[in-house]
Number of protein chains: 2
Amino acid sequence: MSRNEPVVGRAYPRLPMPVTPPTLADVAERAGVSRQTVSNAINNPDLLRPDTLARVQEAIAVLGYSPNRAARNLRTRTSQLIGMRIGPAQEGTANATMDRFVHSLVETSREAGYHVLLFAGDGGDPVVGYDALLRSTAVDAFVVTDTYLGNPQAAWLEERRAPFVAFGRPWDALRPGTDQARHPWVDVDGAAGTELATAHLLEKGHDRIAWIGWRKDSRIGEDRRSGWTRAMHGRGLATTGLASRVEDTIASGREASAHLLGSARPSAFVCASDTLAMGVLHTLGDRGLRPGADVAVVGFDDSQVAQVVPPGLTSVRQPLEDVAVHVVSALEGLLAHPAVVGPGVMLTPTLAVRGSS
Amino acid sequence: MSRNEPVVGRAYPRLPMPVTPPTLADVAERAGVSRQTVSNAINNPDLLRPDTLARVQEAIAVLGYSPNRAARNLRTRTSQLIGMRIGPAQEGTANATMDRFVHSLVETSREAGYHVLLFAGDGGDPVVGYDALLRSTAVDAFVVTDTYLGNPQAAWLEERRAPFVAFGRPWDALRPGTDQARHPWVDVDGAAGTELATAHLLEKGHDRIAWIGWRKDSRIGEDRRSGWTRAMHGRGLATTGLASRVEDTIASGREASAHLLGSARPSAFVCASDTLAMGVLHTLGDRGLRPGADVAVVGFDDSQVAQVVPPGLTSVRQPLEDVAVHVVSALEGLLAHPAVVGPGVMLTPTLAVRGSS
DNA sequence: AGGGTGGCCTTGATCGATCCAATGACACCA
DNA sequence: TGGTGTCATTGGATCGATCAAGGCCACCCT
């Protein structure tokens with residue numbers, strides 16, 4: 001990274017530092033009660049007589065008291081923090097989805113009395129970040145987001161008995177013959193999403209609907225693909241020759257769609273991502289075909305791009321707000337009853353219909 | 001928000017809870033030294049004799065010890081956390097810029113030994129989030145990002161003597177006749193960015209370059225606009241009739257560009273945002289004009305959209321990685337020497353040239 | 001009257017690290 | 001032998017909250 005050579009101004013003195021904030025003892029003295037009573041006024045108000053409570057609350061208000069987090073954390077062995085690792089800032093729609101999720105998570109956590117602590121993955125070992133936070137008891141739990149193909153985090157956290165909820169189903173554990181996941185998870189039913197998209201296109205009169213997805217070793221990709229085949233076969237339509245599996249780049253989507261248009265001549269495309277769908281739009285542009293009017297296209301993720309590209313890209317939208325709600329509620333359950341793992345939760349995406357279909 | 005009706009599985013028992021992590025005393029006992037010596041081994045290793053140090057370090061490694069964050073925080077009155085508020089998850093390029101910044105900030109903070117705590121703004125009072133974290137000493141400092149037009153956060157934090165660094169210059173304080181800012185800040189020189197963009201277009205042979213920006217009450221918008229006028233006037237070119245100030249939406253950009261094409265007949269557009277630039281692309285599409293070949297377009301923010309829209313949107317790119325570096329370093333300075341406010345830092349953006357110019 | 005009961009509040013101990021002042025070990029020198 | 005300075009190490013106090021007991025008092029019951 002090349003450092004930008006900055007233009008700087010001049011330094012100058014600053015106003016004095018803040019006084020130390022009031023403590024429980026300060027409030028207690030002012031209200032004429034003991035520390036414990038103040039503590040109860042905050043954590044178990046119904047243990048106090050109404051008049052005492054009022055007196056304490058007034059003292060709290062006057063002094064602007066708020067419990068010291070560190071002290072409380074030490075005593076209660078709790079931090080009210082949820083740790084979440086964010087990957088390197090690669091550009092891409094997956095990243096945008098994560099950002100949208102983070103927003104929802106922060107919002108939902110706040111309502112549950114938690115804050116979100118972000119940490120970066122060390123370049124090397126992916127678990128060092130988790131390990132450090134865990135051993136220093138800096139967070140109460142984790143939200144793990146990258147559970148695709150055999151990533152080590154989930155297994156490692158399970159082994160450490162660390163409380164965490166996964167956004168993403170435990171693919172390995174769900175295979176027949178394997179044990180159930182030993183951790184709670186929330187996921188979006190990708191197959192249902194692509195099925196929704198395909199059904200939408202079928203309704204519009206299309207019957208030659210192509211699929212452009214990811215390589216076969218992507219569990220998520222194959223899951224999404226299965227929704228397309230299910231919808232097609234459900235109508236008695238063949239899928240042979242209509243599918244392509246490529247890298248998740250615009251160029252790949254462009255090539256794949258060009259090839260498919262030349263061979264199977266589909267009138268519509270369902271894609272595993274908005275990125276691939278953008279590739280299709282490129283191809284249509286090259287050939288003077290109008291998206292929506294001549295050839296329909298549906299993407300996946302409802303990214304910013306899908307919303308602004310002319311004429312608007314129809315896309316499967318993950319209900320990330322709902323995911324966050326279920327993640328937090330699973331987290332609360334986990335922390336309240338550590339002995340029981342809540343069941344996995346599968347949510348259904350929706351379809352944002354735009355000009356491209 | 002409509003709750004998605006989830007499909008759930010079955011609950012089942014979970015593995016036993018983790019044992020309590022080792023403490024300083026455990027390490028001390030195992031290494032045959034006192035607690036303080038272990039503490040020194042961690043915080044001031046050079047105070048120990050090499051052989052003692054080695055013994056302690058081995059004990060630390062064997063037990064997998066890591067200092068309890070809460071205890072350390074309580075004693076040192078520090079949390080190693082940087083608080084940052086994120087706004088509601090509105091969709092837009094501004095949001096995407098912030099997300100890119102958050103990534104960089106998390107990364108840079110990690111290197112400085114800090115974590116990033118995200119919190120959501122309460123719907124009502126914008127300072128309650130700050131206030132709560134501050135009074136409970138949950139964070140060491142804040143990064144304030146939304147410093148545009150007289151927002152109350154900066155002034156409020158200053159008054160509270162809260163340590164914070166702003167991403168965004170203190171517009172009010174920089175006006176002549178007003179005091180200097182009393183807090184450190186880092187910003188990107190928007191005018192330099194649009195000047196860069198305009199100069200780029202001038203080099204390409206354009207001389208009728210239009211501006212589409214935000215309404216006049218936007219400080220950032222006027223700043224970016226000034227770069228365009230500066231570049232134009234520098235070449236002795238007039239700007240009258242070539243500018244339009246609208247809302248930051250695609251529709252506005254579309255209308256404004258359509259209007260300008262009909263009146264001033266520019267051969268190129270410089271826009272205050274990628275969103276507006278997308279509006280221009282829409283207009284060009286409507287009229288069968290090819291971006292880049294027939295009419296050049298430059299956006300601002302180098303968003304995801306700019307990168308994927310055909311044929312690629314040339315855009316001013318903010319050096320957010322550098323911003324994060326300077327923000328964190330200002331933060332470190334602030335926490336190390338609270339009595340001195342470092343000077344403001346202004347960084348220069350770059351231009352990501354793509355097919356649209 | 002004595003003892004039990006429950007409501008309300010207080011006291012002392014504790015969480016696990018760091019700060020502080022003091023002690024021990026050791027070499028060196030008078 | 002005793003003094004002195006340096007340096008590693010020690011024990012105790014502390015940060016500010018909560019937990020676990022226990023005290024006080026009014027009230028009720030037999």
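The shown structure was predicted, so the numbers you read here are calculated from the model rather than taken from an experiment.
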Peer 1: Between atom CD in A:Gln80 and atom C1' in D:dA17, what is the gap in whole Å?
Peer 2: 14 Å
Peer 1: From the set C:dC9, D:dC15, D:dT9, return the single nucleotide nearest to any side-chain atom of B:Thr37.
Peer 2: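 Per side-chain heavy atoms of B:Thr37, the pick is D:dT9.
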Peer 1: To the nearest Å, how far apart are B:Arg69 CZ and C:dA17 P?
Peer 2: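 In whole Å, C:dA17 P and B:Arg69 CZ are 12 Å from each other.
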Peer 1: Do B:Asp140 side-chain atoms and B:Ile82 backbone N/O form a donor-acceptor pair below 3.5 Å?
Peer 2: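 A pair under 3.5 Å: no.
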Peer 1: From the options C:dT18, D:dT18, C:dG16, select the nucleotide whose nearest atom is closest to the side chain of A:Asn43.
Peer 2: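 From the listed options, D:dT18 comes nearest.
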Peer 1: Looking only at side-chain atoms of B:Arg75, point me to the closest of D:dT9, D:dC15, C:dT11.
Peer 2: D:dC15
Peer 1: Roughly, in whole Å, what's the span from CD1 in B:Ile42 to C1' in C:dT18?
Peer 2: 11 Å
Peer 1: Taking only side-chain N and O atoms of A:Ser39, does any of them lie within less than 4.0 angstrom of OP1 or OP2 on D:dA17?
Peer 2: no
Peer 1: What's the CD-P distance between B:Glu29 and D:dG11, to the nearest Å?
Peer 2: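 Going from B:Glu29 (CD) to D:dG11 (P), I get 13 Å.
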Peer 1: Scan A:Phe101, A:Phe142, A:Trp185 and name whichever one has a ring-ring contact (aromatic ring centres under 6.0 Å, His included) with A:Phe167.
Peer 2: A:Phe101
Peer 1: Taking atom types as they are modelled, would you say the side chain of B:Arg77 forms a donor-acceptor pair with the base of D:dG16 within the 3.5 Å cutoff?
Peer 2: no
Peer 1: Assign each of B:Arg55 and B:Leu74 to its nearest nucleotide of DNA chain D by heavy atoms, then name whichever residue's nucleotide is nearer the 5' end.
Peer 2: B:Arg55
Peer 1: Expressed in angstrom and rounded to an integer, what is the separation of B:Gln36 atom CD from D:dT14 atom P?
Peer 2: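 After rounding, the reported distance stands at 16 Å.
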Peer 1: From the list D:dA20, D:dA17, C:dC9, which nucleotide is the closest neighbour of the side chain of A:Leu48?
Peer 2: C:dC9
Peer 1: Looking at the base of C:dT18, is there any donor atom on it, or on the side chain of B:Arg72, that sits under 3.5 Å from an acceptor on the other one?
Peer 2: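 Result: no qualifying N/O pair found.
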Peer 1: Please determine if a side-chain N or O atom of B:Arg35 lies less than 4.0 Å away from the OP1 or OP2 oxygen of D:dG12.
Peer 2: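 Checking B:Arg35 against D:dG12: no side-chain N or O falls below 4.0 Å of OP1 or OP2.
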Peer 1: Please work out whether the ring planes of A:Tyr130 and A:Trp156 are parallel, tilted or perpendicular, with thresholds of 30° and 60°.
Peer 2: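 Tilted.
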Peer 1: Please report, rounded to the nearest Å, how far the P atom of D:dT10 is from the CG atom of B:Asn40.
Peer 2: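 Distance, rounded to whole Å: 10 Å.
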Peer 1: When you check the phosphate oxygens OP1 and OP2 of C:dG7, does a side-chain N or O of A:Arg49 lie under 4.0 Å from one of them?
Peer 2: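 For C:dG7, OP1/OP2 do not have a side-chain N/O of A:Arg49 under 4.0 Å.
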Peer 1: Looking at every strand, decide which applies to B:Ser34 at a 4.0 Å heavy-atom threshold: base, sugar-phosphate, or nothing.
Peer 2: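 Answer is base: heavy atoms of B:Ser34 come under 4.0 Å of a base.
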Peer 1: From C:dT18, D:dT9, D:dA17, pick the nucleotide closest to the side chain of B:Thr52?
Peer 2: D:dT9
Peer 1: Can you tell me how far NE2 of B:His103 sits from CD1 of A:Ile86, rounded to the nearest 0.5 angstrom?
Peer 2: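 That separation rounds to 4.0 Å.
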Peer 1: Considering heavy-atom distances to DNA chain D, does B:Gly32 or A:Leu24 have its closest nucleotide positioned more toward the 5' end?
Peer 2: B:Gly32
Peer 1: Can you check the B:Asp51 CG to D:dA8 P distance for me, whole Å?
Peer 2: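 Result: 11 Å.
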Peer 1: Hey, is the side chain of B:Asn68 poking within less than 4.0 Å of OP1 or OP2 on C:dC15, counting only N and O atoms?
Peer 2: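 The answer is no; no side-chain N or O of B:Asn68 sits under 4.0 Å from OP1 or OP2.
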Peer 1: Do the charged groups of B:Arg110 and B:Glu107 touch, with an N to O distance under 4.0 Å?
Peer 2: yes
Peer 1: Within the structure shown, what part of the strands sits under 4.0 Å from A:Thr23 by heavy-atom distance: base, sugar-phosphate, or nothing?
Peer 2: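 Sugar-phosphate: the residue A:Thr23, judged by heavy atoms under 4.0 Å, touches backbone atoms but no base.
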Peer 1: Heavy atoms under 4.0 Å, any strand shown: does B:Asn73 hit a base, just sugar-phosphate, or nothing?
Peer 2: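 It contacts nothing in the nucleic acid.
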Peer 1: Using heavy atoms to find the nearest nucleotide of DNA chain C for A:Ala71 and B:Thr76 separately, return the residue whose nucleotide is more 5′.
Peer 2: A:Ala71
Peer 1: Measure the distance from CG on A:Leu47 to C1' on D:dC19 and round it to the nearest whole Å.
Peer 2: 13 Å
Peer 1: Got a list of side-chain donor-acceptor pairs under 3.5 Å for residues 329-344 of chain A, not counting sequence neighbours?
Peer 2:
none

